[in-house]
Amino acid sequence: NAGVTQTPKFRILKIGQSMTLQCTQDMNHNYMYWYRQDPGMGLKLIYYSVGAGITDKGEVPNGYNVSRSTTEDFPLRLELAAPSQTSVYFCASSRTGRGEKLFFGSGTQLSVL
Amino acid sequence: TQLLEQSPQFLSIQEGENLTVYCNSSSVFSSLQWYRQEPGEGPVLLVTVVTGGEVKKLKRLTFQFGDARKDSSLHITAAQPGDTGLYLCAAPRGYNKLIFGAGTRLAVHP
């Protein structure tokens, strides 16, 4: 049972570099989410998608981009990485919205130096 | 400003003690979820409460949703080291979004 898979687990970037965080789920869920978790701040929603081809901004979208070309995949793109993007990133999925259970990946720890 | 305020922020107790953590808001929610997160892992859902005044039990964990559906509590009886982790409450905002509190970090010492 793979569930939600995120890669890579760890990454160090230099300021100004770009990268893509990968997320894939095998549960045929329509809804997918990207959160970031900073120490003591809980989880903040970056972007979410309600189905292939449909994405929308969350609470903290600046500096990020997403796409959803398939039901399974929801990559998060960081352009021109900044130290403020140092965080742990979690991808999650759910069958529907409306507060249904979220299934999380194990996270990507990103440091921008 | 957090829409969901969790308290306390940190809690360090001895095995066998009881504890309660809180999740409060000025907003009314249709439901509220509690997740537990262990180091290096994503959060895992413990329970969802949907009715004002609802009480749910999960072994030694008791969850309560406030009558006005603005707050919730999690009570752990006879805490064990395996209960150690970050406890997060979450609630829907709009149709598609789930927002989280900052969490309560619990350490249970043998």
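Chain letters run A, B, ... following the sequence lines, proteins first and then strands; every chain starts at 1.
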- line: Smallest heavy-atom separation, A:Ser106 atom then B:Glu41 atom, equals CB-OE1, 3.8 Å
Positive for side-chain contact (heavy atoms from CB on, under 4.5 Å) with B:Leu98, one of A:Tyr33, A:Tyr48, A:Tyr35: A:Tyr35
query: To the nearest 0.5 Å, what is the distance between NZ (A:Lys101) and OG1 (B:Thr48)?
result: 8.5 Å
- request: May I have the step-by-step check of side chain to side chain contact (heavy atoms under 4.5 Å, CB included) for B:Tyr35 and A:Leu102, ending in yes or no?
  value: CA-CA 10 Å; B:Tyr35 289 79; A:Leu102 261 59; 3.5 Å; yes
- request: Could you tell me which portion of A:Gln37 (side chain, backbone, both or neither) has an atom closer than 4.5 angstrom to a non-hydrogen atom of chain B?
  value: side chain
message: At a 4.5 Å cut-off on heavy atoms, which part of B:Gln33 comes close to chain A: side chain, backbone, both, or neither?
response: side chain
- prompt: Going by residue number, which parts of residues 74-82 of chain A are within reach of chain B, meaning a heavy-atom gap below 4.5 Å?
  reply: none
query: Which region of B:Phe10, side chain (C-beta onward) or backbone (N, CA, C, O), has a non-hydrogen atom less than 4.5 Å from a non-hydrogen atom of chain A, or is it both or neither?
result: neither
- prompt: Is the NZ atom of A:Lys57 crowded by more than 12 outside heavy atoms at less than 6.0 Å?
  reply: no
message: Need one label for A:Leu43: side chain, backbone, both or neither, based on atoms under 4.5 Å from any heavy atom in chain B.
response: both
query: When clusters are formed by joining ILVMFWY residues with side-chain heavy atoms under 4.5 Å apart, either directly or through shared neighbours, do B:Leu61 and B:Trp34 land in the same one?
result: yes
query: Measuring heavy-atom distances to chain A, does B:Leu86 have an atom under 4.5 Å in its side chain, in its backbone, in both, or in neither?
result: side chain
message: Is there a path of hydrophobic side-chain contacts, each under 4.5 Å between heavy atoms of I/L/V/M/F/W/Y residues, joining B:Leu11 to B:Leu46?
response: yes
- request: Determine whether B:Tyr22 and B:Phe63 fall in the same hydrophobic cluster, where Ile, Leu, Val, Met, Phe, Trp and Tyr are linked whenever their side-chain heavy atoms lie under 4.5 Å apart.
  value: no
query: Got a second to check how far A:Phe104's CZ is from B:Leu45's CG, nearest 0.5 Å?
result: 9.5 Å
statement: Output for pair (B:Lys97 NZ, A:Asp56 CG), nearest 0.5 Å, gives 6.5 Å
field: Same apolar cluster: B:Val108 and B:Val44, side chain cutoff 4.5 Å
entry: no
field: Heavy-atom contact with chain A under 4.5 Å, split by part of B:Gln37
entry: side chain
- prompt: So if you build clusters from Ile, Leu, Val, Met, Phe, Trp, Tyr with side-chain heavy-atom gaps below 4.5 Å, do A:Leu21 and A:Leu13 land together?
  reply: yes
query: Is it the case that more than 12 heavy atoms not belonging to A:Ile12 sit under 6.0 Å from its CD1 atom?
result: no
